[in-house]
Amino acid sequence: MMTAYADKTVLVTGATRGVGRQITDHVLAGGGRVLGFARHESDTDNANYTHFQVDLANSTAITAIFGEVRKKTSRIDIVINNAGVLTSQYAMIMPPAAAQAMVNVNLLAPFLISREAAKFMRKSKWGRIINIGSMAASLEPIGDSVYAATKAGLSTLANVMAKEFGTFNVTCNTLGISAIDSDMLAQLPRDKIEEIIKSLPVARFADIDDILNVIDFFASERSSYITAQTVFLGGVN
């Protein structure tokens, strides 16, 4: 069966763990080639997977790694900006270094990666940029001021890039995921998360298929007229 990823080259950030690893496996199973960006080494054993070890908090390293990418491929068709970091803390006691790390990884890295990947897409006159946002951007939970701001910024980033890149058939969209069991979620008090989930119209945790369903939609050839959109899961709005 043909998928959105057949014969496509897909760049996935945070490709070695959690949601990013599951996105990577999904793309590979769909016949795509994956360029995986992550701070750690990868144990993915697939001929269509190429790993790039890079610290996404380091803007210089991100720009430099694209020199290595160009040695491996002349195409990037789809970008999935999935990597993210979270420090949940009241604003008055949030360590500045933690706030800066969230800005660097959650917002500046997607900007730089999308910018560099768009240079490939401009040549092929086709592309999809998909940002993984969060319900925090809409719900604005206490303790997540910087995290929520960076995830809200992802939507704005996609919306502006949609205008800049639309002339060469590149769409830019954001998926705002709700809570899914992961290492990041484990940092937060479970009772607080469950309280938020109970308040949603669809009162359950997300599963990976919920996420992949929307990513597949954004990545599809048929979604060429869908751009500058943010889709939240679970009824968040």
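- The shortest distance between side-chain heavy atoms of Thr3 and Asp216 does not fall below 4.5 Å.
- With hydrophobic clusters built from ILVMFWY side chains whose heavy atoms lie under 4.5 angstrom apart, Ile93 shares a cluster with Ile142.
- For Arg75, the salt bridge (Lys or Arg N to Asp or Glu O under 4.0 Å) partners are Asp77, not counting sequence neighbours.
- Among Ile80, Thr174, Val12, the single residue meeting the side chain to side chain contact (heavy atoms under 4.5 Å, CB included) criterion with Ile132 is Ile80.
- Looking only at side-chain heavy atoms (C-beta outward), Val34 and Asn48 stay at 4.5 Å or farther from each other.
- Residues Thr13 and Asn82 have side chains that never bring a donor and an acceptor to within less than 3.5 angstrom of each other.
- A donor-acceptor pair under 3.5 Å is formed between the side chain of Asn173 and the backbone N or O of Ile226.
- For residues 145-169, no residue pair satisfies the salt bridge (Lys or Arg N to Asp or Glu O under 4.0 Å) rule, not counting sequence neighbours.
- Within the 4.5 Å cutoff, side-chain heavy atoms of Pro110 are placed close to those of Leu154.
- For Thr73 (side chain) and Val69 (main-chain N/O), no donor-acceptor pair under 3.5 Å exists by modelled atom type.
- Judged as a salt bridge (Lys or Arg N to Asp or Glu O under 4.0 Å), the pairs with a partner in residues 49-68 (not counting sequence neighbours) are, in order, Glu68-Lys71.
- Applying the ring-ring contact (aromatic ring centres under 6.0 Å, His included) definition to pairs two or more places apart or across chains, those involving residues 49-69 are Phe37-Phe52, Phe37-Phe66, Tyr49-His51.
- The hydrophobic cluster containing Val160, built from Ile/Leu/Val/Met/Phe/Trp/Tyr side-chain heavy atoms closer than 4.5 Å, comprises no other residue.
- Within a 6.0 Å sphere centred on CZ of Arg122, heavy atoms belonging to other residues, nucleotides or ligands number 12 at most.
- For residues 18-30, the set of pairs meeting the salt bridge (Lys or Arg N to Asp or Glu O under 4.0 Å) definition, not counting sequence neighbours, comprises Arg21-Asp25, Arg21-Asp43.
- Ser199 places a side-chain N or O within 3.5 Å of a backbone atom of Ile196 that can act as its donor or acceptor partner.
- Scanning both residues, Thr16 and Ser42, for their nearest heavy atoms gives CG2-CB, 3.7 Å.
- Looking only at distances, no side-chain donor or acceptor of Ser220 sits under 3.5 Å from a matching main-chain atom of Phe217.
- Judged purely by atom type and a 3.5 angstrom limit, Gln53 uses its side chain to pair as donor or acceptor with the backbone of Arg39.
- Two residues are said to be in side-chain contact when any heavy atoms from C-beta on lie closer than 4.5 Å; Tyr147 and Asn106 meet this criterion.
- Side-chain contact between Asp209 and His26 is absent, with no heavy atoms from C-beta onward closer than 4.5 Å.
- Of all the heavy atoms in Ser114 and Asn131, the pair that sits closest is OG-OD1, 4.5 Å.
- Lys72 NZ: 12 or fewer foreign heavy atoms inside a 6.0 Å radius.
- A search for side chain to side chain contact (heavy atoms under 4.5 Å, CB included) contacts involving Ala219 returns Ala4, Tyr5, Ile78, Ile130, not counting sequence neighbours.
- With rounding to the nearest 0.5 Å, the separation of OG1 in Thr150 from CE in Met102 is 7.0 Å.
- Clustering of Ile, Leu, Val, Met, Phe, Trp and Tyr by side-chain heavy atoms under 4.5 Å joins Met92 with none of the others.
- In this view, Arg33 satisfies the salt bridge (Lys or Arg N to Asp or Glu O under 4.0 Å) rule with no residue, not counting sequence neighbours.
- Sorted by first and then second residue, the salt bridge (Lys or Arg N to Asp or Glu O under 4.0 Å) pairs with a member in residues 220-234 read Lys8-Glu221; sequence neighbours excluded.
- In this view, Phe232 satisfies the ring-ring contact (aromatic ring centres under 6.0 Å, His included) rule with no residue, not counting sequence neighbours.
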For Lys198 and Glu195, what are the C-alpha separation, side-chain angles and deciding distance, and is it a salt bridge (charged side-chain N to carboxylate O under 4.0 Å, His left out)? CA-CA 5 Å; Lys198 287 178 182 178; Glu195 184 178 338; over 6 Å; no
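- Hydrophobic clustering (side-chain heavy atoms under 4.5 Å, transitive across Ile, Leu, Val, Met, Phe, Trp, Tyr) groups Met161 together with Phe168.
- Closest approach of Val79 and Ile76 over heavy atoms only: CG2-CG2, 4.0 Å.
- The ring-ring contact (aromatic ring centres under 6.0 Å, His included) contacts involving residues 88-128 comprise nothing, where partners must be two or more places apart or lie in separate chains.
- No side-chain donor-acceptor contact under 3.5 Å links Ser88 to the backbone of Asp144.
- Gln229 contributes a side-chain N or O that, together with a main-chain N or O of Thr227, makes up a donor-acceptor pair within less than 3.5 Å.
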